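Position 1 is the first residue of the sequence, and the numbers go up from there. Computed from a predicted structure; not experimentally measured. Just the heavy atoms: all of them, side chains too, but no hydrogens, waters or symmetry mates, feed the values below.
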Amino acid sequence: MAIARFPTFVIDCPDPAALAGFYGTLLGWEVQDQADGDDHWLDLRPADGSNCISFQRAQDYRAPDWPGQDNPQQMHLDVMVEDLDAGEKAVLELGATKTEHQPGESFRVFLDPAGHPFCLCRAEESARLPTGG
């Protein structure tokens with residue numbers, strides 16, 4: 001039996017609203033309004049509420065230095081896409097940056113607008129991907 005359920009990934013960033021908007025559009029999830037109007041923390045959830053990514057304002061935020069280790073990546077998200085070229089085009093339009101160093105062929109590394117690395121990974125099976133849009 002699990003000790004806990006529904007993990008939330010919390011990502012430090014300089015602007016929670018901007019980064020939540022980026023990932024909300026990427027994943028098709030909704031930014032949850034904070035009842036207290038706090039702009040230092042925002043949650044992002046799918047319609048069914050099954051998952052959560054939270055964004056927390058960090059005062060002296062320093063973006064990770066990927067692939068270097070002067071300021072390590074600390075964490076990153078892998079998201080599945082059916083078509084890497086189409087996925088790349090879409091995330092670049094959202095404001096992502098493709099990194100110069102690309103260590104594999106079945107995935108591509110990008111930086112989100114706050115500089116966090118994330119990967120678009122070619123889905124091995126379509127059942128792992130959301131349908132609709």
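To the nearest 0.5 Å, atoms CG (L44) and CD (Q32) are separated by 8.0 Å. Here the CZ-CG distance, from F55 to L42, works out to 8.5 Å after rounding to the nearest 0.5 Å. The distance from atom CG of L19 to atom OG of S54, rounded to the nearest 0.5 Å, is 11.5 Å. Interatomic distance, CG of L77 versus CD1 of I53, reported as 5.0 Å (0.5 Å rounding). If you take CZ on R62 and CG on N71, they are separated by 4.0 Å, rounding to the nearest 0.5 Å.
Evaluation of the side-chain hydrogen bond (donor to acceptor under 3.5 Å, both in side chains) rule for S106 yields no partner, not counting sequence neighbours. Residues forming a side-chain hydrogen bond (donor to acceptor under 3.5 Å, both in side chains) with T97 (at least two apart in sequence, or on another chain): none. Every residue meeting the side-chain contact (heavy atoms from CB on, under 4.5 Å) condition with P46, not counting sequence neighbours, appears here in chain and number order: W29, D48, S50, N51. Every residue meeting the side-chain contact (heavy atoms from CB on, under 4.5 Å) condition with P64, not counting sequence neighbours, appears here in chain and number order: Y61, Q73, H116, P117. By the side-chain contact (heavy atoms from CB on, under 4.5 Å) test, L92 pairs with E88, K98, F110, sequence neighbours left out. Partners of A18 under the side-chain contact (heavy atoms from CB on, under 4.5 Å) rule, at least two apart in sequence or in another chain, are D15. Not counting sequence neighbours, the partners of Q56 by the side-chain hydrogen bond (donor to acceptor under 3.5 Å, both in side chains) test are D12. Partners of E93 according to the salt bridge (charged side-chain N to carboxylate O under 4.0 Å, His left out) rule, which considers only residues two or more places apart in sequence or in another chain, are K89. In this view, D60 satisfies the salt bridge (charged side-chain N to carboxylate O under 4.0 Å, His left out) rule with no residue, not counting sequence neighbours.
A salt bridge between D85 and R122 is absent, with no side-chain N of the basic residue lying under 4.0 Å from a carboxylate O of the acidic one.
By the 4.5 Å heavy-atom criterion applied to side chains, W41 and V10 are counted as neighbours. In this structure, the side chains of L26 and V91 come closer than 4.5 Å at one or more pairs of heavy atoms. With a 4.5 Å cut-off on side-chain heavy atoms, D65 and P72 do not count as touching.
The minimum heavy-atom distance between A63 and A114, with the atom names listed, is CB-O, 3.5 Å. Residues P14 and R57 share a closest heavy-atom pair of O-NH1, 2.7 Å. The two atoms that bring D78 and C119 nearest to each other are OD1-CB, 3.2 Å, heavy atoms only.
Checked against the 6.0 Å centroid criterion, the rings of F118 and F22 qualify as a close aromatic pair.
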### Query
So R108 and Q102, side chain to side chain contact (heavy atoms under 4.5 Å, CB included) or not? Walk me through it.
CA-CA 6 Å; R108 294 183 189 160; Q102 295 293 320; 3.6 Å; yes
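Legend: ring pair (Phe, Tyr, Trp, His ring centres under 6.0 Å) pairs involving residues 72-94, not counting sequence neighbours: none detected.
The hydrophobic cluster containing L111 does not contain V79, counting ILVMFWY residues as joined when their side-chain heavy atoms lie under 4.5 angstrom apart, directly or transitively.
In this structure, W66 belongs to a hydrophobic cluster whose other members, linked by side-chain heavy atoms under 4.5 Å apart, are F107, V109.
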